[in-house]
Amino acid sequence: MGERKVTVAAEVGLHARPAATFVQRAMKAPMDITVTKMNSAKAPVSGKSILAIMALDVRQGETVVISADGEGSEQVLDELAEIAGTP
Amino acid sequence: MGVSPGIGHGPAHVLSVSVPEPPEGATYDGEAEPEKERAMTALTQVAGELESRGHRAGGEAEEILKAQALMAEDPGLVVRVRSLIDRGLAAPRAVYEAFARYRDVLAGSGGYLGERAADLDDVRDRVIAVLYGIPMPGLQGAPEEPYVLVARDLAPADTALLAREHVAAFVTEEGGPTSHTAILARSLGVPAVVACPGATGIRQGARVLADGTSGEVRVEPAESDVADAVSANAARRAAYAEAGGPGRTADGHPVPLLANVGGPAELAAAVAAGAEGVGLFRTEFLFLGRSEPPGVEEQVRAYRAAAEAFPGGKVVVRTLDAGADKALAFLPAPPEPNPALGERGLRVFLRHPEVMAAQLDALAQVEGAEVMAPMVATAEEAAWFARECRARDLRRVGVMVEVPAAALRAGDLLSAVDFVSIGTNDLSQYAFAADRQLGAVRALQDPWQPALLDLVALTAAAAAEAGKACGVCGESAADPAMACVLAGLGAGTLSMAAGSLPAARAALAAHTLEECRLAAGAARDAVTAAEARAAARAYLPGLGRLGL
C-alpha cells in the first residue's frame with residue numbers, strides 16, 4: 001500500500017478550492033484513495049468525496065496521510081501530495 | 001451589520017429562494033430504481049449548471065462553483081441518497097437527509113467551515129427545486145437602474161454573474177463578516193449589510209437605502225433622506241481622503257491608530273488602511289483546530305510577519321486567549337457551567353504553563369514585538385506574567401484590562417508592567433454581567449454605558465499617574481464619536497478593525513484634545529447610554545460636518 005504524508009500548506013486548509021482541486025484529481029484515478037488526518041480519531045475517508053474531505057477539517061499546518069494501491073498509484077500519490085502541499 | 005462600506009439605494013430585488021423542506025417520511029409510488037434515477041439526474045443537472053456558471057464567471061467565483069458542483073456529485077452523498085430511497089424515502093426527502101448529515105458536520109465546526117454550510121444548503125435547495133419542478137430564482141440581466149439585492153443569504157451561484165453596475169447594494173438576513181456576501185461585496189466594492197432581520201419581508205420593488213458603514217437599512221426613504229445620505233457619504237469619503245497620516249487631534253496631540261488583526265492574512269489590509277501598527281495581534285489562529293500546539297519556529301514565523309508588516313511601528317501580540325469559553329483540542333477544559341467566568345485567558349496558563357512558555361520563547365525571538373496577557377484580574381497575575389516575560393528579555397510587557405477588578409486597581413497592575421490595553425467588549429461583559437454572545441442582553445453591551453466610561457477613565461488616570469501607556473483595543477473605537485471620547489478619557493492609542501480606521505482618523509483630526517475631553521466629561525455626567533452618546537456629540541461639532 002503506497003502512502004504519502006503531507007503537511008497542508010494552503011491558508012484555508014484542505015477546504016474549498018484546495019479540496020476541489022484534490023478531489024478532481026483523485027476522481028480521475030482508477031483506484032480507491034483514502035485520506036486520514038494525522039493525530040486524529042477520525043476514520044480515513046475517500047479522497048474522491050469533497051464532503052468527506054471538508055468534514056475532516058484539515059487546517060493549514062496539519063498533516064494528512066494519503067493512501068492508494070495498485071497500478072499507477074505512485075504517480076497519483078505524487079500528484080495528490082503536490083496538490084495538498086501547495087500553498 | 002455593515003460589512004462593505006458605502007451608500008447604496010434603488011429598488012429592492014428580493015431573492016426568495018424558498019425551497020420547502022420535503023416532508024419527513026415522504027415516500028414514493030412505484031419502483032425504487034426510477035426514483036433513484038430521478039435523484040441522480042437532478043444531482044447531475046445541478047452539478048452541470050453550477051460548473052457552466054463557473055466557467056462563465058471565472059476567477060474566484062469559478063473555484064467556489066466548481067467546489068459546489070463536486071458536492072452535488074459527491075460519491076458518499078450519492079451512495080447515501082440511493083440507500084435512503086431503497087429504504088422507501090422519496091427522492092427529495094432522501095436528498096434532503098443525505099445533505100443534512102454533512103451539513104451538520106460543517107455547521108458544527110463553526111467559523112470558516114461553518115459558513116460553507118450555506119454553500120451546501122444552496123446545492124441541496126437547487127437539487128430539490130429540480131425534483132419538485134420549482135423554477136430557480138434568477139436575476140434580471142440589465143435592469144433600468146441598479147437594484148438593492150435582498151436575500152436570506154446570497155449563494156455564489158446567484159452572485160457569480162452579477163455585474164457591478166447592476167447592483168447598488170446587498171442586504172441579507174443572515175451571514176457574517178466572512179460570509180460569501182461580505183467577501184463578494186467587498187471585492188466588487190458594493191455596499192453591503194448582513195444579519196439584517198426581516199430583510200426578505202421587504203416588498204419587491206420598494207425603494208431601499210442601505211448604509212454599508214453603519215449597517216442601517218431604510219425602506220421607502222424620503223427623497224431628501226437619500227440625497228442627504230449620498231452627500232454625507234461623499235463628504236465622508238472626502239474627509240477620509242484628507243485626513244491621512246498618523247492619528248492626531250486637530251491641535252496635533254498624537255493618538256496612534258492601530259489595527260486589531262486576527263492572523264497574517266489581515267496584515268495587508270491593516271497596512272492599506274494606514275494603521276500605524278497592530279494594537280492587538282490575536283494568536284488563536286495558530287492554535288485553533290489542532291491536536292498539538294504549534295512549535296516555536298512556526299510561531300516565530302507568524303509573529304515576525306506582523307512585525308515586518310510594520311517596520312518601526314508598534315506590534316502588540318496577545319498571548320493565547322482560549323479556555324472554557326473557546327475550547328482548544330490540546331487544552332482540554334472540563335465543562336464549566338459559566339465558561340466566561342471560569343478558566344480562560346491567562347488563567348489557563350496556570351494549569352498549562354508550557355503553552356505560555358513556548359509562546360513567550362517565540363516572541364522573544366521577534367525584534368520589536370510587545371506582548372500582553374488576556375483576562376488579567378489581579379496585581380499578582382500581572383506580576384507573574386511580567387516575571388515570565390522579563391526572564392526572556394521581552395522588553396515591553398503589558399496586560400489587558402477586561403475585568404472591572406483590573407480597572408479599579410490598574411495602578412497596582414501597572415507597577416509590574418509597562419502598559420495596559422483596555423478590551424471594551426469583555427470589560428462590558430464583566431461590568432454588566434451580560435454575556436457578550438447573548439442577544440437578549442445586547443443593550444448592556446453598549447460602549448456608551450456611563451459605567452463603562454468610568455472604568456476606562458479610572459484605568460487611563462492610573463496609567464497617567466504611573467507615567468505608563470494605556471491603549472484601547474476594543475471595537476468600541478470604531479464609532480468615530482467614541483474614538484474622540486476615548487482620546488478625551490486619556491487613551492493613548494486606539495486599535496480597531498482596519499476598515500474602521502479612516503473614520504476614526506477623520507473624527508480625531510476634526511477636534512481638539514480639549515473638545516475630546518469636554519465630550520468625555522459630558523458623556524460621563526450622563527445617566528444612560530443614549531444620553532451619554534448625545535451629550536458627547538454636542539461637544540463634537542466636527543462629526544456633523546464630516547457626515548459621521
Original post:
Of the listed residues (B/Val78, B/Leu286, B/Leu70), which shares the most heavy-atom pairs with chain A below a 4.5 Å separation?
Top reply: B/Leu70
Original post:
Between B/Pro294, B/Gly76, B/Pro75, which shows the greatest number of heavy-atom pairs under 4.5 Å with chain A?
Top reply: B/Pro75
Subject >> Lys/Arg N to Asp/Glu carboxylate O, B/Asp122 vs B/Arg126, below 4.0 Å >> reply: yes
**OP:** Run the salt-bridge test on B/Arg318 and B/Glu284 with the 4.0 Å N-O cut-off and return the result as yes or no.
**Re:** yes
Subject >> Rounded distance [0.5 Å steps], CZ in A/Arg4 versus CD in A/Glu74 >> reply: 4.5 Å
**OP:** Check whether more than 12 heavy atoms from other residues, nucleotides or ligands sit under 6.0 Å from atom CD of A/Glu82, and answer yes or no.
**Re:** no
Original post:
Between A/Glu62 and A/Thr7, is any side-chain donor less than 3.5 angstrom from a side-chain acceptor?
Top reply: no
**OP:** Counting only heavy atoms closer than 4.5 Å, note whether B/Leu77 contacts chain A via side chain, backbone, both or neither.
**Re:** side chain
**OP:** Go through the atoms of B/Leu120 and report whether side chain, backbone, both or neither lie under 4.5 Å from a heavy atom of chain A.
**Re:** side chain
Original post:
Out of A/Ala55, A/Ala19, A/Ser49, which one racks up the most heavy-atom pairs below 4.5 Å with chain B?
Top reply: A/Ser49
